[in-house]
Protein chains: 2
Amino acid sequence: METRPAPEATAEPADGGPSALRRTLHQRGLRMTPQRQLVLDAVRDLGHATPEQICTRVQSAAPAVNITTVYRTLDLLERIGLVRHTHLGHGAPTYSEQEHQHVHLVCHSCGKVTESPTDLMDGLAARLLAESDFVLDPSHVALSGRCRGCRDEEEEQS
Amino acid sequence: METRPAPEATAEPADGGPSALRRTLHQRGLRMTPQRQLVLDAVRDLGHATPEQICTRVQSAAPAVNITTVYRTLDLLERIGLVRHTHLGHGAPTYSEQEHQHVHLVCHSCGKVTESPTDLMDGLAARLLAESDFVLDPSHVALSGRCRGCRDEEEEQS
DNA sequence: CTATCTGCAAATCTTTTGCAACGGA
DNA sequence: TCCGTTGCAAAAGATTTGCAGATAG
């Protein structure tokens, strides 16, 4: 886990930079605080991370921030649509930017998480709609399986 | 949540009825106990259920069984290949028979779980293998989206 | 100023572990 | 009898809640 001071290179998607958070909060009568900015930065920075990982990251910039605040803030950021959480298969949910629409591929052998574009699911989504009247949300849940590396290892042993 | 006394209509897949559990356990030097049969019955009976739901079901037949035993037994049944767990998207994993290979469709609006045959995923599995060298395990993780009922409701309101 | 936020501590909830007693083979 | 298994209680880990003080607007 690195400790550098939160690069902002990719921190500004088309629809909003740092002050966009302030605006979004104010629209709903909520307040801008350093903690909220730090949590959002951490989520963007880490890609997809558990509340605890996010907390660690935040604390590397502001050690006084409590994990309670991280939980509350993630919940809030999700309610106002800035982040979303995904269930990667094990216990902890992971949070990422709302805009980052991708499918998670989780190897249940080594735990590695890969991302693929959501259009991978287009065919499946169409079939689900036709056959089961089900509108798929491709980025919410991860697909489980075995990655290349683990497959190779297994083959070597047999 | 119902409390009827555990129908056994679907409790005997081709490869093994009640005494198959005893045999499978003995093969590995493990012992047959009433608790283990009850937990396995509950898993088969409930289709896919959380440890707590399984425990409630088991206790309706044998109130003294402790939830600790349910956790340990599910773990054991999974290790010996009789049940498997699936992450339905919320917190708790759910357990079902190993043989029940199906894709779970979870509506994140009403929480309803539908099952579809795994061959729904065949096309996706092939693409993942080709494009990402990833071997998909279709029954381990649920797909999230919105079911017919909830979609209709939403449309009515707009 | 005032209502929203935060930090801290304690409460909850879920799952795991240690240990003595129980019971299957 | 012997050793795997169980129940109980307590531990451990994750998330939530209550409350008094801090602070954004």
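Computed from a predicted model, the values in this text were never measured in an experiment. Chain A is the first sequence line, chain B the second, and so forth, proteins listed ahead of strands; every chain is numbered from 1.
When each of B:Pro51 and B:Pro34 is assigned the nucleotide of DNA chain C with its nearest heavy atom, B:Pro51 is the one assigned upstream, toward the 5' end. Both A:Ala64 and B:Thr33 lie near DNA chain C, and the one whose nearest nucleotide falls closer to the 5' end is A:Ala64.
Side chain of A:Arg36 to main chain of A:Arg31: a donor-acceptor pair is present (N/O by atom type, distance under 3.5 Å, no hydrogens or angles). Checked by atom type and distance alone, the side chain of A:Gln59 never pairs as donor or acceptor with a backbone atom of A:Thr56 at under 3.5 Å.
Side-chain atoms of A:Glu78 and A:His85 include a donor-acceptor pair closer than 3.5 Å.
The side chain of A:Arg36 places no N or O atom within less than 4.0 Å of a non-bridging phosphate oxygen (OP1 or OP2) of D:dA24. Residue B:Asn66 has no polar side-chain atom (N or O) positioned under 4.0 Å from OP1 or OP2 of D:dT6. Distances shown here put a side-chain N or O of B:Gln35 below 4.0 Å from the OP1 or OP2 atom of D:dG7. Taking only side-chain nitrogens and oxygens, B:Thr69 comes nearer than 4.0 Å to OP1 or OP2 of D:dG7.
Rounded to whole angstrom, the span from the NE2 atom of A:His26 across to the C1' atom of C:dC5 amounts to 13 Å. Following rounding to the nearest Å, B:Arg79 (CZ) and D:dG4 (C1') show an atom-to-atom distance of 12 Å. One atom, CD of B:Gln37, and another, P of C:dG24, lie 14 Å apart when rounded to the nearest Å. Atom-to-atom, CD1 of A:Ile67 to C1' of D:dT15 comes out at 9 Å; the value is rounded to the nearest Å. Atom CD in B:Gln53 sits about 17 Å away from atom P in C:dC13, given to the nearest Å. What separates CG of A:Leu74 from C1' of D:dT15 is a distance of 12 Å, to the nearest Å. Following rounding to the nearest Å, B:Gln59 (CD) and D:dC8 (C1') show an atom-to-atom distance of 13 Å. A:Leu25 places its CG atom 13 Å from the C1' atom of D:dG25, with the value rounded to the nearest Å.
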Cut-off 3.5 Å, no hydrogens considered: what does the side-chain donor-acceptor table look like for residues 61-72 of chain A, sequence neighbours left out?
| unit_1 | atom_1 | unit_2 | atom_2 | d |
| --- | --- | --- | --- | --- |
| A:Asn66 | OD1 | A:Thr68 | N | 2.8 |
| A:Asn66 | OD1 | A:Thr68 | OG1 | 2.9 |

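Residue pairs satisfying the side-chain hydrogen bond (donor to acceptor under 3.5 Å, both in side chains) criterion with at least one member in residues 118-128 of chain B, sequence neighbours excluded, are listed as follows: B:Arg127-B:Glu131.
In this view, B:Arg79 and B:Asp75 satisfy the side-chain hydrogen bond (donor to acceptor under 3.5 Å, both in side chains) rule, not counting sequence neighbours. A search for side-chain hydrogen bond (donor to acceptor under 3.5 Å, both in side chains) contacts involving B:Ser144 returns B:His108, not counting sequence neighbours.
Put simply, CG on A:Leu143 and CG on B:Leu124 are 6.0 Å apart, with the number rounded to the nearest 0.5 Å. Here B:Leu40 contributes atom CG and B:Tyr95 contributes atom OH; the two are 13.5 Å apart, rounded to the nearest 0.5 Å.
In this structure, A:Leu30 reaches the sugar-phosphate backbone alone: every heavy-atom distance under 4.0 Å involves primed, P, OP1 or OP2 atoms, never a base.
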Give me the distances for all protein-to-nucleotides 12-14 of chain D N/O pairs that come in under 3.5 Å?
none

Per-nucleotide protein contact string for nucleotides 17-22 of chain D, where B marks a base within reach and S marks sugar-phosphate only (heavy atoms under 4.0 Å, - for neither): BB----
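Grouping the Ile, Leu, Val, Met, Phe, Trp and Tyr side chains by contacts below 4.5 angstrom, directly or via other members, places A:Val106 apart from B:Leu136.
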